[in-house]
Amino acid sequence: MASAQPTEMKAWLYSSTRNGLEKNLNFDASARAPPAVHGNNVLVQVLSASLNPADFKVPEMGLVARKFVIGTPASPGMDFCGRVVVTGDAATEFSPGQLVYGCLSKPGQFGSLGEYLVASASLLAPVPEGVEVDHAAAIGIAGQTAYQSLAGYVNAGDKLGCHVTTTCSTKNVEFCRGLGADEVIDYSVETDLVATLRNRGVIFDHIIDHIGYPAPMYRESHHFLAAGKAFVQVGASAMGTFVDRLIWPAFLGGGKRKYVIFFFKNTREDLVRIGEWVQKGAVKIQLDTAYEFEDTVQAFEKLRSGRARGKIIVHVAKP
């Protein structure tokens, strides 16, 4: 147990998402703080928050999502790194003042763009020595998504274990190589990406698709993805992509490889594992821009632009 629970906090709040969440964000220097923690819950003072597309996409799904799933007024944001303030009776592995990181499993009323949030101790990880606060804040959703979209699909001896091919536009080729990609296909040059992959033959052991484009990618994947391997759909620009690829049968021209729609799982085990890799330098955190708390609206504008090359961070409080 620890110090007194704050009743007020500084926070960015929204109640509507008309014309975009960021156009409805308002700063409140004395917003209501989260309720008192009990059991295995921990109150965390957020130092840095990391933004994800779901931070605006889920609230923008409609009034039902905002009112009954999230609750308004609400602070957006799920990823965070912060300092423990108060612990519930059962959260004995953490103590006030300790640096922790993690993410909320879904958008809620008290997100990481408020000064304080409540998280289950079972979903928090201590910040490894030497890991920067901003880097720890960036691990939550993106780090676990990247790992989980590979774990369980890649086996010892698979080519993917030592050779990674990715696609991007010309301006990002060197950026992707710098991140460790072994081969980069410039889709600005290779305008028919599916044909390019078909010409290479069945050489890939795993495919991860984040955008659902080009549309024939999954349907034609048996020409370049090994039998018995999976095509994992992490994201798409339209919901129709998931539906079309999932229900269209192979005998009517649909895909002939295993199609997996990725669902993120928030686990301490994965958070700790990735944090240790970051500490050892085996995983590099790529940051795009770090914004101060007063510039949160600009941070969301950059996120929505789709032009960020790395994680967008917001400094909520001083370390």
Side-chain angles (χ1 to χ4, degrees), residues 10-14 17 19-27 44-60 74-83 99-104 107 111-115 117 127-128 130-146 166 168-181 184 210-211 234-235 237 264 271 274-275 277-279 281 283-319:
K10 58 182 182 178
W12 285 92
L13 301 172
Y14 70 91
T17 59
N19 298 319
L21 180 143
E22 67 273 19
K23 298 184 185 301
N24 295 274
L25 284 173
N26 294 291
F27 178 75
V44 177
Q45 181 188 28
V46 180
L47 300 178
S48 291
S50 172
L51 303 189
N52 296 280
D55 293 334
F56 66 81
K57 287 184 177 181
V58 175
E60 290 175 4
S75 296
M78 291 181 281
D79 284 355
F80 62 89
C81 179
R83 185 175 288 110
L99 285 177
V100 294
Y101 67 98
C103 63
L104 304 176
S112 57
L113 288 170
E115 188 178 6
L117 59 75
V127 177
V131 174
E132 297 179 21
V133 168
D134 284 358
H135 288 179
I139 292 173
I141 291 176
Q144 291 187 90
T145 296
T166 190
C168 67
S169 61
T170 303
K171 67 178 182 179
N172 290 319
V173 169
E174 292 306 316
F175 173 73
C176 288
R177 285 179 179 151
L179 291 177
V184 181
H210 287 269
I211 59 175
V234 174
S237 57
F264 162 78
L271 287 169
I274 298 167
W277 287 339
V278 172
Q279 183 187 38
V283 168
K284 299 177 182 178
I285 302 295
Q286 183 68 39
L287 301 183
D288 180 272
T289 310
Y291 292 85
E292 297 309 309
F293 199 46
E294 60 266 26
D295 299 321
T296 292
V297 173
Q298 291 95 308
F300 269 100
E301 290 171 347
K302 180 65 176 288
L303 177 68
R304 191 184 290 273
S305 75
R307 297 188 178 93
R309 300 207 305 179
K311 296 298 294 179
I312 296 171
I313 300 293
V314 176
H315 292 151
V316 179
K318 299 296 182 183

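Bear in mind the structure is a predicted one, so any value in this text is a computation, not a measurement.
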Give the intermediate values and the outcome of side-chain contact (heavy atoms from CB on, under 4.5 Å) for residues Leu179 and Gln286. CA-CA 8 Å; Leu179 291 177; Gln286 183 68 39; 3.7 Å; yes
Any donor-acceptor pair under 3.5 Å linking the side chain of [X] with the backbone of [Y]?
X	Y	answer
Ser305	Lys302	yes
Gln279	Gly275	no
Asp79	Ile141	yes

Of Ile313, Leu303, Asp288, which meets side-chain contact (heavy atoms from CB on, under 4.5 Å) against Leu51? Leu303
Working note: Leu47 + Lys318, criterion side-chain contact (heavy atoms from CB on, under 4.5 Å); need CA distance, chi angles, decisive distance, verdict. CA-CA 6 Å; Leu47 300 178; Lys318 299 296 182 183; over 6 Å; no
Which heavy atom of [X] sits nearest a heavy atom of [Y], and at what distance?
X	Y	value
Met78	Phe80	O-CD2, 3.4 Å
Val46	Ala317	O-CB, 3.4 Å
Pro59	Tyr14	CG-OH, 3.4 Å
Gln144	Ile274	N-CD1, 3.7 Å

Measure the NE2-OG distance between His135 and Ser48 for me, rounded to the nearest 0.5 Å. 10.0 Å
Is there a side-chain contact (heavy atoms from CB on, under 4.5 Å) between Asn24 and Leu21 once you walk through the steps? CA-CA 5 Å; Asn24 295 274; Leu21 180 143; 5.8 Å; no
Could you go through the side-chain contact (heavy atoms from CB on, under 4.5 Å) check for Cys81 and Asp134 one step at a time? CA-CA 7 Å; Cys81 179; Asp134 284 358; over 6 Å; no
Sequence-distant partners of Lys10, salt bridge (charged side-chain N to carboxylate O under 4.0 Å, His left out), two or more places apart: none
Taking side chain as C-beta onward, heavy atoms only, is Ile139 less than 4.5 Å from Leu271?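 Sidechains of Leu271 and Ile139: in contact.
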No-hydrogen, no-angle side-chain donor-acceptor test under 3.5 Å, Asn52 and Lys311: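 Side chains of Asn52 and Lys311: pair found under 3.5 Å.
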Can I get a per-line list of side-chain donor-acceptor pairs under 3.5 Å for residues 290-301, giving both atom names and the distance, sequence neighbours left out?
unit_1: Glu292; atom_1: OE2; unit_2: His315; atom_2: ND1; d: 2.9
unit_1: Thr296; atom_1: OG1; unit_2: Trp12; atom_2: NE1; d: 3.2
unit_1: Thr296; atom_1: OG1; unit_2: Phe293; atom_2: O; d: 2.7

I'd like to know if Glu60 and Lys57 make a salt bridge, using a cut-off of under 4.0 Å between side-chain N and carboxylate O.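 Looking at Lys57 together with Glu60, the answer is no, because their closest N to O distance does not fall below 4.0 Å.
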